[in-house]
Amino acid sequence: MAESDKERGPVIASKFLLRCRNLQVMFGETFGLGPGATLAAIIFTALVLMIAVFWFFYSAPPDTIIITSGDQGSLFQRNAEKYEKILARKGVKLKILPSEGSLGNLKRLQNPKFHVDVGFVQAGVVAKGQNVDDLVSLGSLSYEPLYLFCRTDKPFKLLSDFSGKTLAVGEQGTGTNVLALTLLELNGIKPGGATTLLEMDDEDAEKALLEGKIDGAFMMADSAASKTMRDLLRDPGITAFHFSQADAYTRRIKYLNKLVLLEGSIDFGKNIPDHNINLLSPTVELIARADLHPALSDLLLEAATEVHSRAGRYQRQGEFPAPLEHEYRISSDAQRFYKSGKSFLYRYLPFSMASLLNRILVVIVPLILVLIPGLKSIPVIYRWRIRLRILRWYRALLVLEGDLGQDATSEHQEKLLRRLDQIEESVNNMKVAASFADQFYALRSHITIVRDRLKGGTPC
């Protein structure tokens with residue numbers, strides 16, 4: 001068996017080489033090319049086709065998106081779960097990674113070793129001087145109000161009134177922690193000072209506040225469970241701090257917005273709250289890595305529109321998502337989506353079919369634009385090259401005939417015949433395609449005519 005395989009190997013190889021040779025001959029005869037030009041055309045065609053096939057599969061959008069969301073039970077987490085259901089209808093899987101909150105999401109997105117595509121990030125968590133050019137924003141999704149819960153039996157008018165008190169400022173890595181420390185610093189309250197600042201999660205902070213162990217607790221939707229904040233808003237002994245200087249804060253901190261928790265909006269029957277409360281709120285952005293596939297960008301924005309466009313306690317119908325630019329540039333794909341919606345194919349066809357047709361168009365059209373002119377240029381260049389070679393020997397014949405009339409001696413004629421022999425030998429060694437046979441044989445016949453004239457001594 002082993003010997004027969006060894007004997008069969010060279011036979012198969014020789015058959016393959018023969019087929020390649022036949023292909024080369026057929027290609028050359030079809031386009032009128034020599035062996036070298038034919039080989040160049042075949043290599044060029046194969047190279048273009050290989051690149052086209054590679055690009056066809058490489059440009060396919062992934063069927064899985066990885067999103068870094070927020071803490072369990074948080075609004076970030078619940079929104080990610082809504083996205084998951086919407087994308088599943090399109091045949092795309094959304095993998096949700098829980099996190100501490102906005103700052104943790106930002107760190108994950110900027111870490112090239114961490115496998116993640118998009119994440120919810122609150123505006124304002126980017127540190128001063130931090131480079132975020134490798135990230136893009138798909139737009140702002142919603143307001144994210146900052147609540148400072150405090151006891152009703154201890155009224156506070158200004159943030160500076162909490163100086164010397166005990167505050168829960170959210171866990172490290174959360175947007176709550178970043179914004180709370182920023183606002184407190186504007187009021188002269190810094191870590192390590194007279195005010196005790198505790199980095200606690202929302203459940204521990206709720207328990208400590210209800211037991212009177214702390215004077216206030218900052219909470220936001222990126223890290224605090226919605227149930228926790230809802231329970232605190234309904235508790236008669238707890239109230240949300242009224243930011244009476246909200247307008248001034250929004251002038252100082254550009255990414256903040258003033259929101260109003262209207263009287264009775266939590267519970268009309270019990271009139272909770274019993275007065276309007278000013279709140280401060282950044283927006284939440286959907287941040288992606290710059291290499292996110294355009295088709296996935298459209299899918300995510302379509303899901304965001306379905307989830308975030310409804311009217312709510314703090315927003316109008318259709319207010320979000322919106323291309324509001326803060327620390328991150330709006331991606332070109334997102335800008336196109338906000339202006340004209342999804343691309344034509346994705347608008348009317350299922351995602352998988354639209355993706356396939358889109359890749360066919362992206363690959364086939366450039367293939368035609370490159371391959372056809374390229375193949376057309378090879379015969380043109382080859383014919384031009386052969387034509388120059390033939391004209392070169394015609395010029396040599398003209399020069400030789402011109403020298404014939406200058407000297408009629410036998411020695412001079414013999415010298416010219418030797419030159420003509422060299423020309424004829426060079427011409428006979430030329431390799432030309434069959435399509436140039438007429439010009440080749442015409443050149444040889446003209447050489448014969450010149451030889452007859454030389455032998456007869458007749459000047460041209």
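Nothing here was measured: the structure is a model prediction, and the numbers come from that model.
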Minimum heavy-atom distance [X]-[Y], with the two atoms named:
X: L167; Y: D215; result: CD2-C, 4.5 Å
X: L103; Y: V125; result: CD1-O, 3.8 Å
X: L259; Y: P145; result: CD1-CB, 4.1 Å
X: A246; Y: N278; result: CB-CB, 4.1 Å
X: S140; Y: E285; result: OG-CG, 3.7 Å
X: A334; Y: S137; result: CB-O, 4.2 Å

Check whether [X] reaches the backbone of [Y] with its side chain - one donor and one acceptor, N or O, closer than 3.5 Å.
X: D117; Y: I67; value: no
X: S265; Y: L261; value: no
X: T174; Y: E171; value: yes
X: R151; Y: L209; value: yes
X: Q110; Y: N131; value: yes
X: S281; Y: E144; value: yes
X: D204; Y: M200; value: no
X: S102; Y: Q122; value: yes

If you measure from the Lys or Arg side-chain nitrogens to the Asp or Glu carboxylate oxygens, is any gap between [X] and [Y] under 4.0 Å?
X: R89; Y: E306; answer: yes
X: D291; Y: R289; answer: no
X: R251; Y: D247; answer: no
X: D298; Y: R336; answer: yes

> Can you list the steps and then say if L184 with T195 is a side chain to side chain contact (heavy atoms under 4.5 Å, CB included)?
Replying inline: CA-CA 10 Å; L184 291 173; T195 305; over 6 Å; no

>> Hydrogens and angles aside, do R108 and S99 bring a side-chain donor and acceptor to less than 3.5 Å of each other?
In response: no

>> Less than 3.5 Å apart, any donor N or O on the side chain of Y255 or E327 sitting next to an acceptor on the other?
In response: no

Under 4.5 Å between any side-chain heavy atoms of [X] and [Y], yes or no?
X: L183; Y: L146; value: yes
X: K270; Y: R234; value: no
X: D202; Y: T176; value: no
X: M430; Y: I390; value: yes
X: L159; Y: L148; value: yes
X: M220; Y: P282; value: yes
X: L87; Y: I65; value: yes
X: L141; Y: V307; value: no

[atom2] on [Y] to [atom1] on [X], rounded to 0.5 Å:
X: D274; Y: I266; atom1: CG; atom2: CD1; answer: 12.0 Å
X: L299; Y: L94; atom1: CG; atom2: CG; answer: 10.5 Å
X: L296; Y: D63; atom1: CG; atom2: CG; answer: 9.5 Å
X: T239; Y: I272; atom1: OG1; atom2: CD1; answer: 10.0 Å
X: F320; Y: L286; atom1: CZ; atom2: CG; answer: 13.5 Å
X: T196; Y: I189; atom1: OG1; atom2: CD1; answer: 11.0 Å

>> Tell me if the aromatic rings of Y143 and Y314 count as close, with their centers under 6.0 Å from one another.
In response: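 No, they do not, as the ring centres are separated by 6.0 Å or more.
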
>> Please determine whether side chain to side chain contact (heavy atoms under 4.5 Å, CB included) holds for the pair F120 and L75, giving the CA-CA distance in whole Å, both sets of side-chain angles, and the decisive distance to 0.1 Å.
In response: CA-CA 10 Å; F120 298 120; L75 184 60; over 6 Å; no

> Only one of F149, F243, F162 forms a ring-ring contact (aromatic ring centres under 6.0 Å, His included) with F156, so which one is it?
Replying inline: F162

> Does atom CD of Q172 have more than 12 heavy-atom neighbours, drawn from other residues, nucleotides or ligands, at distances under 6.0 Å?
Replying inline: no

> Take atom CZ in R310; do more than 12 heavy atoms of anything else shown fall under 6.0 Å from it?
Replying inline: no

> Checking side chain to side chain contact (heavy atoms under 4.5 Å, CB included) for the pair L210/D235: CA distance, chi angles, key distance, verdict?
Replying inline: CA-CA 9 Å; L210 293 174; D235 193 300; 3.5 Å; yes

> Can you check side chain to side chain contact (heavy atoms under 4.5 Å, CB included) on H308 and V284, steps first, answer last?
Replying inline: CA-CA 11 Å; H308 303 287; V284 179; over 6 Å; no

